[in-house]
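Proteins come first, then strands; the chains are lettered A, B, ... in the order of their sequence lines, and each starts at number 1.
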Number of protein chains: 2
Amino acid sequence: MSPVRTPEETRMMILETALDLFHRSSFTGTSINQIVDKAGITKGALFHYFKGKNELGYAVVEECLKRQIQEHWITPLATSVDPVSDMLAILEKMSQMLVDEPHILECGCPLNNLSQEMSSRDETFRLRLLELYRDWEDAIEKSIRAGIDAGNIKEETDPQSTASAIVALLEGSIGLIKVNKDMAYVARMGQGIANFLLSLKP
Amino acid sequence: MSPVRTPEETRMMILETALDLFHRSSFTGTSINQIVDKAGITKGALFHYFKGKNELGYAVVEECLKRQIQEHWITPLATSVDPVSDMLAILEKMSQMLVDEPHILECGCPLNNLSQEMSSRDETFRLRLLELYRDWEDAIEKSIRAGIDAGNIKEETDPQSTASAIVALLEGSIGLIKVNKDMAYVARMGQGIANFLLSLKP
DNA sequence: TTGACAACATACCAACCGGTCGGTTTCTGT
DNA sequence: ACAGAAACCGACCGGTTGGTATGTTGTCAA
């Protein structure tokens with residue numbers, strides 16, 4: 001006989017519902033009532049686990065977004081000595097996700113969305129999101145260093161500024177794709193990104 | 001004796017106040033009352049000139065943002081045959097603006113802000129903002145073609161995808177600067193952008 | 001079995017939102 | 001001079017927001 005109340009699952013359900021709604025409709029554009037309704041719980045439950053909407057947002061950043069960045073970027077690049085090829089493979093995988101779930105075409109990147117919306121409005125949000133970006137850039141930077149050592153990247157490449165530029169290029173691309181909402185544009189942008197990455201090879 | 005009522009000035013005051021507040025606090029984050037208060041007018045006046053908040057937003061895009069893109073990018077690049085150097089000059093000018101008015105550091109790009117916020121929520125917004133991006137990309141694309149013809153850009157460069165990537169890189173950079181809020185990071189990103197642009201030269 | 005606390009549920013609140021509407025003031029064509 | 005239109009005012013409205021107060025139900029250790 002399974003228990004009626006499963007606190008951990010409830011909390012996780014709230015987090016994932018919030019993540020999904022924040023992704024589709026932004027943070028301020030999503031009301032607590034919407035989260036509660038879609039998660040199939042009540043306001044009492046939500047405020048039992050989180051002090052307020054902001055705290056829920058922080059938790060989404062720390063737990064959900066952090067894990068996504070980790071899975072998609074940091075882990076795959078951790079042992080890479082050919083980051084250009086490996087990043088192209090990651091992008092290929094993400095491009096496939098766009099084909100499978102076309103609604104993502106107009107949703108953008110959850111990390112970028114939340115950053116653009118909240119970082120100038122709430123300092124706690126900014127600092128937590130900044131940490132994720134730092135982790136992401138660091139992972140790319142280290143892989144570039146490894147790539148240089150392995151002879152897979154031009155020696156004169158500056159790892160730090162190149163890593164920042166790569167992240168900027170990716171986030172900017174997703175933002176533009178959101179506005180264009182067009183698979184042909186996705187292909188064009190993919191070519192632009194690929195050309196940039198390939199220019200780093202010797 | 002100057003007239004008490006100056007309709008055109010009133011309308012322009014509303015537009016510029018709205019542009020400034022949308023830039024600082026986003027579209028949904030700015031209330032009509034805030035606009036009205038800061039512009040020194042009343043709600044009646046605002047609704048006399050614009051059917052609603054969305055229509056005001058459309059006008060801000062069509063009149064204010066369009067002019068800004070035109071001034072900063074399209075006009076300077078129209079006659080360019082060395083777009084890399086000319087774009088670096090534009091960026092240098094914008095970087096100086098950041099030093100003069102540091103609050104922009106956390107405000108981001110008005111066009112990017114509005115796009116990320118509204119393009120998935122209102123189709124009219126998306127289409128109008130998309131038009132501005134197309135104009136911007138077209139201007140860069142054409143200047144790249146001219147640069148190739150003049151021998152200032154590598155022949156194998158694909159103008160279209162490169163133009164898209166440049167816009168993505170710029171918008172992504174401003175977005176990341178907003179999160180980092182740090183002049184040292186601005187310098188790092190500037191170096192990353194410059195390296196990318198310079199890689200287009202023969 | 002029972003007390004204590006975590007895990008929920010629900011009704012309610014003040015503040016704020018975009019928008020309306022009837023009225024007043026200023027301007028302009030005749 | 002005067003009528004009618006444009007410009008502008010500000011009180012008001014229904015709806016929504018994040019958040020709270022209070023009550024009920026399930027769980028588990030003693």
Colleague: Within the supplied structure, the quantity of interest is the number of heavy atoms (other residues, nucleotides, ligands) at a distance under 6.0 Å from K201(A) NZ; does it exceed 12?
Modeller: yes

Colleague: Report the nucleotide, chosen from dT10(C), dA6(C), dA7(D), that has the shortest atom-to-atom distance to any side-chain atom of T42(A).
Modeller: dT10(C)

Colleague: Between the base of dG19(D) and the side chain of K43(A), is there any donor-acceptor pair under 3.5 Å?
Modeller: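 Pair found.
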
Colleague: Looking at dC9(D), dC17(C), dG18(D), which one has an atom nearest to any side-chain atom of K53(A)?
Modeller: dG18(D)

Colleague: From CG of D122(B) over to C1' of dG18(C), roughly how many Å is that when rounded to an integer?
Modeller: 15 Å

Colleague: Could you go step by step and tell me if I41(A) and H48(A) meet the side-chain contact (heavy atoms from CB on, under 4.5 Å) rule?
Modeller: CA-CA 11 Å; I41(A) 53 151; H48(A) 174 72; over 6 Å; no

Colleague: With the side chain counted from C-beta on, respond yes when L197(B) and I166(B) share a heavy-atom pair under 4.5 Å apart, and no when they do not.
Modeller: yes

Colleague: Figure out the CD1/P separation between I32(A) and dA9(C), and round it to whole Å.
Modeller: 16 Å

Colleague: Just how far, in rounded Å, is P of dC8(C) from CD of E9(A)?
Modeller: 10 Å

Colleague: Between S31(B) and dC17(C), is there a contact of a side-chain N or O with OP1 or OP2 at under 4.0 Å?
Modeller: yes

Colleague: Whole angstroms only, please: what is the CZ-P distance between F50(A) and dG18(D)?
Modeller: 15 Å

Colleague: Which whole-number value in Å describes the distance from H48(B) NE2 to dT20(C) P?
Modeller: 15 Å

Colleague: Can you check the L21(A) CG to dG18(D) P distance for me, whole Å?
Modeller: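 One finds 12 Å between P of dG18(D) and CG of L21(A), rounded.
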
Colleague: Determine: side-chain N/O of Y49(B) to OP1/OP2 of dA6(D), distance under 4.0 Å, yes or no.
Modeller: no

Colleague: Just how far, in rounded Å, is P of dA7(C) from CD1 of I14(A)?
Modeller: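 So the CD1-P distance, I14(A) to dA7(C), works out to 11 Å.
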
Colleague: Which nucleotide sits closest to the side chain of A45(A): dC8(C), dT17(D), dC8(D)?
Modeller: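 Shortest atom-to-atom distance from the side chain points to dC8(C).
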
Colleague: Taking atom C1' of dC17(C) as reference, at what distance in whole Å does atom CG of L46(B) sit?
Modeller: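 Roughly 14 Å, once rounded to whole Å.
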
Colleague: For the side chain of T10(B), counting heavy atoms from C-beta on, which of dC8(D), dC8(C), dG18(C) is nearest?
Modeller: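 Out of dC8(D), dC8(C), dG18(C), the nucleotide with an atom closest to T10(B)'s side chain is dC8(D).
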
Colleague: Would you mind telling me which of dT20(C), dA7(D), dT17(D) lies closest to the side-chain atoms of F47(B)?
Modeller: dT20(C)

Colleague: Could you pick out which residue, K51(A) or Q34(A), lies toward the 5' side of DNA chain D when each is mapped onto its nearest nucleotide?
Modeller: Q34(A)

Colleague: What is the ring orientation for F196(A) with F196(B), classed by angle as parallel under 30°, tilted 30 to 60°, or perpendicular over 60°?
Modeller: perpendicular

Colleague: Within the structure shown, what part of the strands sits under 4.0 Å from T28(B) by heavy-atom distance: base, sugar-phosphate, or nothing?
Modeller: nothing

Colleague: May I ask you to decide if E62(B)'s main-chain N or O and R67(B)'s side chain share a donor-acceptor pair within less than 3.5 Å?
Modeller: no

